[in-house]
**Q** 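Below you will find the structure I want to go over with you.
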There are 2 protein chains.
Amino acid sequence: MINYGEYLKALRQSKGLTLREVEKETNVSNAYLSQLESNKIKQPSPTTLYKLAGLYGIKYEKLMEKVGYPVPKYNNNLKIKEEVYGLSKSLGDISYDEEIELLDYLKFIRNRKK
Amino acid sequence: MINYGEYLKALRQSKGLTLREVEKETNVSNAYLSQLESNKIKQPSPTTLYKLAGLYGIKYEKLMEKVGYPVPKYNNNLKIKEEVYGLSKSLGDISYDEEIELLDYLKFIRNRKK
DNA sequence: TATATTTGCATAGTATATTTAGCAATTTTG
DNA sequence: CAAAATTGCTAAATATACTATGCAAATATA
């Protein structure tokens with residue numbers, strides 16, 4: 001059983017968005033979003049995934065993969081990858097589970113002093 | 001209204017295959033294949049398209065596009081850049097202090113279960 | 001030619017994606 | 001504190017993907 005819902009929920013909360021705010025931006029009903037985040041939907045349509053990926057700032061293909069759809073393979077050139085610098089380099093390679101935890105922790109950080 | 005059915009039919013016939021032969025290879029029912037070829041299905045699932053693309057020897061992405069699904073674009077450096085920065089993009093803009101905290105927390109995560 | 005097999009397709013049924021409506025708990029506001 | 005708004009969620013309704021069954025026309029075989 002694939003668990004993409006937890007990931008979607010962590011993404012949304014890390015951005016401080018409510019289900020209804022996401023609904024406004026994506027035209028996906030808040031009720032359906034809730035079902036997605038609790039893994040009640042096996043395979044949401046690519047179009048739905050595309051909208052969410054856009055709003056949350058992640059790659060469409062990543063959601064496709066999480067949901068279990070075939071994803072076209074491309075040439076990931078490791079050399080070029082290594083030449084690029086930035087935050088992700090400072091963090092290094094992180095796993096999917098770690099990313100969820102970091103998103104969660106970021107939410108905690110930002111709501112700490114209120 | 002998108003016309004991908006005609007394309008699928010032309011592909012199948014060019015290979016001299018019957019609906020039932022395609023069914024055997026892809027596990028998609030011949031009845032459904034018939035509906036696909038006459039555009040009675042708006043958006044067949046990516047998995048179905050993937051099977052057909054494989055058998056017919058065309059690109060999966062091409063069928064995705066024909067059907068009207070969003071298709072990830074692969075062929076530029078921006079793409080690779082996005083992959084590398086995927087994490088920071090999903091996290092959004094984070095401050096220097098936040099980055100330090102995240103790095104610290106990541107270290108904590110990785111030393112936790114030992 | 002007669003009959004058996006194959007072929008594409010139509011129809012009905014099942015599974016599942018997505019929306020609408022509404023409710024209980026929480027949060028906001030005065 | 002009390003009323004009002006907001007939030008996440010559930011259940012029922014609807015839309016649509018996909019399959020099982022079967023049939024009429026075409027084709028193969030004798």
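What you see is a predicted model, and the numbers here were worked out from it, not measured in a lab. Residue numbers begin at 1 in each chain, while the letters A, B, ... track the order of the sequences.
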**Q** How would you summarise protein contacts on nucleotides 16-23 of chain D per nucleotide, using B for base, S for sugar-phosphate only and - for none, with heavy-atom distances below 4.0 Å?
**A** SSBBBBB-
**Q** Applying a 3.5 Å limit to both distances, which nucleotide forms a Watson-Crick or G-U wobble pair with dT20(C)?
**A**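 Matched dT20(C) with dA11(D) under the 3.5 Å cut-off.
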**Q** Who pairs with Lys62(B) by side-chain contact (heavy atoms from CB on, under 4.5 Å), at least two apart in sequence or on another chain?
**A**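 Testing Lys62(B) for side-chain contact (heavy atoms from CB on, under 4.5 Å), a comparison that skips the adjacent residues, returns Tyr7(B), Lys59(B).
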**Q** Is it the case that atom OH in Tyr32(A) sees more than 12 heavy atoms from other parts of the structure closer than 6.0 Å?
**A**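 Yes, enclosed.
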**Q** Expressed as a whole number of angstroms, how long is the span from Gln13(B):CD to dG8(C):C1'?
**A**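 For the pair Gln13(B) CD and dG8(C) C1', the rounded distance is 11 Å.
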**Q** Compare all side-chain heavy atoms of Val22(B) with those of Val28(B) and state whether any distance is below 4.5 angstrom.
**A**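 A side-chain contact is absent here, since even the closest heavy-atom pair is not under 4.5 Å.
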**Q** Taking OP1 and OP2 of dC9(D), is either one under 4.0 Å from a side-chain nitrogen or oxygen of Lys9(A)?
**A**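 Yes, because at least one side-chain N or O of Lys9(A) sits under 4.0 Å from OP1 or OP2 of dC9(D).
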**Q** Say you draw a straight line from OG1 of Thr48(B) to CG of Leu36(B); how long is it, rounded to the nearest 0.5 Å?
**A**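 The distance works out to 7.0 Å.
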**Q** Please round to the nearest 0.5 Å and tell me the distance separating atom CG of Leu52(B) and atom OG1 of Thr26(B).
**A**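 OG1 of Thr26(B) is found 5.5 Å from CG of Leu52(B).
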**Q** Is the shortest side-chain N to carboxylate O distance from Glu37(B) to Arg12(B) below 4.0 Å?
**A**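 Yes, this pair counts.
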**Q** Please report, rounded to the nearest Å, how far the P atom of dA10(C) is from the CG atom of Asn39(B).
**A**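 From Asn39(B) CG to dA10(C) P: 13 Å.
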**Q** What's Thr18(A) touching, base or sugar-phosphate or nothing? Going by heavy atoms closer than 4.0 Å.
**A**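 Counting heavy atoms under 4.0 Å across all strands, the contact made by Thr18(A) is with sugar-phosphate only.
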